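Comments concern the structure below.
Remember, it's a predicted structure, so these values are computed and weren't measured experimentally.
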Amino acid sequence: MPLATPIPAPAYIIIAACVVGFLYTGYCAWVTSQAPCQVGKRSDGDKQMPMAAEGNGSKVDEINTRLEKYSSLIQRGAMAFLKYEYVCIATFAMLFSAIAGTALGYLSSRERAFLTIFAYLLGTSTSMMAGWVGMAIAVYANSRVALKCYNNLSSGFNLACNAGAVMGFTIMSLALFSLSLLAYLYSLYFGDLLQDQREMKKMFECLAGFGLGASTVAMFGRVGGGIFTKAADVGADIAGKLENDWDEDDPRNPAVIADNVGDNVGDIAGMGSDLFGSFAGSICAALVCCAQSPTLHKEWAYVVLPLVLASGGLIACALSCVAILALFEVEQEQDVEKLLKRQLLSASVVCTPVIILLCYMYLPNQSFEVRGKTGVTWWHIAICCCNGLYSGLFIGVIAEYYTSATYKPVRRLAVECKTSAATNIIQGLALGYKSCIVPVMLVGATVWINFNLARFLGISIGAIGILMTLASSLTIDAFGPITDNAGGLAEMTGMDEAVRERTDILDAAGNTTAAIGKGFAISSAMLVALGSFGAYAQIKHLIDAPMIGSFQFLGLIFGAVVPYWFFALTMESVGVAAGAMVEEVRRQLEEKHGNGVNGAPDASVEDCDKCIAIATNASLYEMIAPGSLIVLSPLGVGYMFGAEMLCSFLLGAVVCSATMAVSASNTGGAWDNTKKFVKSGGLQEELGDEYDVKLHGKKSDTHKNAIVGDTVGDPLKDTSGPALNIVMKLMAMVALVFAPSIPDSGLFQMLYN
């Protein structure tokens, strides 16, 4: 079916998007490199910073010495963890490639095995490269953001946004470039695919290995990184705040550096690899669905629509980021949060006409057929994409409502802290369970509409819709840990109080937008998992498979259990690692300072390194069991019980993972902001004349009750909750990639029959 009008080839749009993404990444990296790296000095010479040393006098050299010490410790610790993690990923990838290649070669064909494993290794290496860039820019920028806050709040904000954009645009640009290049190379290998739908299906099924590789890195980044960051955070809180009444970033606490390293490990590398996996997985699933269509496979412009839509999203994100930073400036505290949200909102608004235009240009003008439905039109696909785009945005806004101190739920928790830590925890759990209702219903409505419009292609296109604003979402996600580290460095180095106040304002806004990012990540994971499930169902011809039957019920129950098993394993891992961290801090303080801990000097480099080593070793060792569970369980079910039972197994896992992820993330986020609200004196607004700073302010019993809730919630919001995204996506991607080798009737079924 020829295109109706002469229009630019899809390749031009994809290439243009990659060029725009890489150029904007380079520009933001250059802006970050021009920021000062010392008080009173600049990295490009000894030019004086305006106001840099004002109010410090003789403290300038001391601040510079401490800043170099602590920033290099954070940088060295983060990169050491990443190196160790990447060695583990490379080892796992090689072993998995050998086993998976053998299985696919034996049960399917050698050609399919080779092409799938090549795509898998490319997806793994590309995701690792993107994670390295994100981690490198974050640990490079944190001290510079703190120093920029000497000038004014706006300077710190702009630099943190530019540093965050390096991560966001690197991930989206690299994923788009690598997938497009791989698709082009595979098309050259397979020849004239437009005349042979079977070969086109095979090509894109092999290409799905890229998504599996990206999800593998996400498993290590999200699970291992989450265990690291919360082991360090919980250990630092218990040893510092609760046992010695120290401030959050007290330099005497050797676990504080591990905590700051963990911010980058979990929230930069972890979140980045998670969303890289979602982005790659959504495109792979949609490409498989397009290749399955009796109509769309006849024109390349139709088949590669998922890549074209992602390209349009990347360009829209670049335009919105440039426009927001150029047209608006932070003038007061409230502007920080507004401008961060405006970036995401403006990207969504710009994406809307882009979606409509691209669907009109690169889909048939007449109705066409997708697998399982006839009469689909280009505007049906546009609606599916817009549904995904705005459902993700609304779910993020709902997450913000339940976790931000601006709204009633968190303020209610703060009031409960007057009574006891127990009432705070009880109400926080209730808040998390309640916060599941609307987001899951929104995703359900999106799935229902998209499935009715275009079956599983509609669901996978909806996942791409959510992720079209990925670059902007990751920009504001990375903003949080960068400014959090900046605040920690400002306190540890003894910078002016005004600097710490400004970094606290940036960090508070970053915490609020982080809740939006978590909601965005969970909603995208749900649709990516369902899109991958749909691609698997089409490959195995199970679109109309019955849901009633003994093995189907068994699959649903088994699938529903896996997220709880996984959740328990990751929670236990954080507890074990945090316990080891606390014992190490206690040992250091007892050996070196005896009973005089409050007069102790700053922690030494060696002491900090020991805490980082504990978190690193524990995180990667403790993730073996949960990682093995989510990789092996779908293969075990498929080979033992067959393709139909694997379908119901995946559905049970997705539904339970989604509700648990939303609940855990929002509960932990609410407790975190409750602690900050009480610490800042926010209860004065709620209690009025009853407020007493000694009873309800910083370091009061009320504050300690809030700290207990925050400490309990840390692994919920940053380890177990977000890691459930990987459960949904990785199990579905494993099923999709191994679909050709999974039998219709498994070994147990054959024995049973």
When every non-hydrogen atom of Ala183 is compared with those of Met203, the smallest separation belongs to O-CE, 4.0 Å

> Does the side chain of Pro10 reach to within under 4.5 Å of the side chain of Leu307, using non-hydrogen atoms?
Replying inline: no

Between Ala732 and Ser532, the two heavy atoms sitting closest are CB-CB, 3.7 Å

The reported gap from CG in Leu474 to CZ in Phe169 (rounded to nearest 0.5 angstrom) is 10.0 Å

Here the gap from Ile395 atom CD1 to Ser523 atom OG, rounded to the nearest 0.5 Å, amounts to 4.5 Å

Hits for ring pair (Phe, Tyr, Trp, His ring centres under 6.0 Å) against Tyr120, two or more places apart or cross-chain, chain-then-number order -> Phe96

Any donor-acceptor pair under 3.5 Å from Asp274 side chain to Gly270 backbone: no

Met731 and Ile630 have their tightest heavy-atom pair at CG-O, 3.2 Å

Taking every heavy atom of Met623 against every heavy atom of Met219, the minimum-distance pair comes out as CE-O, 3.9 Å

**OP:** Taking the six-membered ring for Trp and the full ring for Phe, Tyr or His, determine whether the centres of Phe92 and Phe220 are under 6.0 Å apart.
**Re:** yes

Is it true that, when you exclude Trp300 itself, more than 12 heavy atoms of the residues, nucleotides or ligands shown sit nearer than 6.0 Å to its CH2? yes

Minimal heavy-atom distance between Leu176 and Ala310, with the atoms involved, is CD1-CB, 4.1 Å

Residues at least two apart in sequence or cross-chain that pass side chain to side chain donor-acceptor pair (under 3.5 Å) with Ser293, listed by chain then number, are none

- Check whether more than 12 heavy atoms from other residues, nucleotides or ligands sit under 6.0 Å from atom OH of Tyr621, and answer yes or no. no

| Can the ring centroids of Phe228 and Phe81 be said to lie less than 6.0 angstrom from one another? | yes

Practice item. Report yes if the side chains of Glu85 and Met128 come closer than 4.5 Å at any heavy-atom pair, otherwise no. Key: no

**Q.** Student check: side-chain heavy atoms of Met94 and Thr91 closer than 4.5 Å
**A.** no

| query | Are Gln538 and Arg371 linked by a side-chain donor-acceptor pair shorter than 3.5 Å? | reply | no

Take the angle between the ring planes of Phe748 and Phe551 and call it parallel below 30°, perpendicular above 60°, tilted in between. perpendicular

query = Is there side-chain contact between Ser665 and Leu716, with heavy atoms separated by less than 4.5 Å?
reply = no

Donor-acceptor check, side chain of Ser178 to backbone of Ala175, threshold 3.5 angstrom: yes or no? no

Check whether the side chains of Ser278 and Lys729 place a donor and an acceptor atom closer than 3.5 Å, and report yes or no.
yes

Rounded to the nearest 0.5 Å, the CE atom of Met167 sits from the CE atom of Met271 at a distance of 7.5 Å

_When you measure from the side chain of Ser657 to the backbone of Val654, do you find a donor-acceptor pair of N or O atoms at a distance under 3.5 Å?_
no

### Query
So, does Thr229 use its side chain to make a donor-acceptor pair with the main chain of Gly262 at under 3.5 Å?
yes

Within the side chain of Ser127, is there an N or O that forms a donor-acceptor pair under 3.5 Å with the backbone of Thr124?
-> no

Residues Ala208 and Val737: closest non-hydrogen pair is O-CG2, 3.7 Å

Hits for salt bridge (charged side-chain N to carboxylate O under 4.0 Å, His left out) against Glu572, two or more places apart or cross-chain, chain-then-number order -> none

OG of Ser273 to CD1 of Ile89, rounded to nearest 0.5 Å, is 7.5 Å

Salt-bridged, Asp718 to Lys518, with N to O below 4.0 Å? yes

Does any non-hydrogen side-chain atom of Leu467 lie less than 4.5 Å from one of Val528?
yes

| field | Phe210 side chain near Ile283 side chain, heavy-atom distance below 4.5 Å | value | no

### Task
Would you check if the side chain of Ser573 reaches a backbone N or O of Leu569 as a donor-acceptor pair within less than 3.5 Å?
yes

Does the side chain of Thr469 reach to within under 4.5 Å of the side chain of Phe520, using non-hydrogen atoms? yes

Exercise. Is it true that Lys202 and Glu205 have a side-chain N and a carboxylate O under 4.0 angstrom from each other?
Worked result: no

State whether a side-chain donor-acceptor pair under 3.5 Å links Thr295 with Tyr302.
no

Here the gap from Met468 atom CE to Ser524 atom OG, rounded to the nearest 0.5 Å, amounts to 14.5 Å

Kindly determine whether Tyr106 and Ser741 satisfy side chain to side chain donor-acceptor pair (under 3.5 Å), including the steps that lead there. CA-CA 9 Å; Tyr106 177 74; Ser741 67; over 6 Å; no

List the steps, then state whether side chain to side chain contact (heavy atoms under 4.5 Å, CB included) holds for Tyr564 with Met660. CA-CA 8 Å; Tyr564 288 91; Met660 290 178 70; 3.8 Å; yes

- [ ] For the pair Tyr186 (side chain) and Leu115 (backbone), establish whether a donor and an acceptor sit closer than 3.5 Å, ignoring hydrogens and angles.
- [x] yes

Rounded to the nearest 0.5 Å, the CG atom of Leu179 sits from the CG atom of Leu174 at a distance of 11.0 Å

Assess the residue pair Leu650 and Val637 against the criterion (side chain to side chain contact (heavy atoms under 4.5 Å, CB included)); give the C-alpha distance rounded to whole Å, side-chain angles, the decisive distance to 0.1 Å, and a yes or no. CA-CA 10 Å; Leu650 292 174; Val637 170; over 6 Å; no

Which is it for Met79 and Trp132 under the side chain to side chain contact (heavy atoms under 4.5 Å, CB included) test, yes or no, and what are the steps along the way?
CA-CA 8 Å; Met79 300 314 289; Trp132 184 88; 3.0 Å; yes

- Item | Thr616 side chain vs Ile612 backbone, donor-acceptor pair below 3.5 Å | yes

Next item on the list: Take Thr126 and Phe276 through the side chain to side chain contact (heavy atoms under 4.5 Å, CB included) test and state the conclusion after the steps.
Entry: CA-CA 9 Å; Thr126 306; Phe276 184 100; 3.7 Å; yes

Checklist entry - Is it true that a side-chain atom of Thr570 and a backbone atom of Phe566 form a donor plus acceptor pair closer than 3.5 Å? => result yes

(message) Looking at Lys540 and Ile742, would you say the former's side chain and the latter's main chain have a donor-acceptor pair under 3.5 Å?
(response) yes

Between Ile557 and Leu554, is there a side-chain heavy-atom distance shorter than 4.5 Å? no

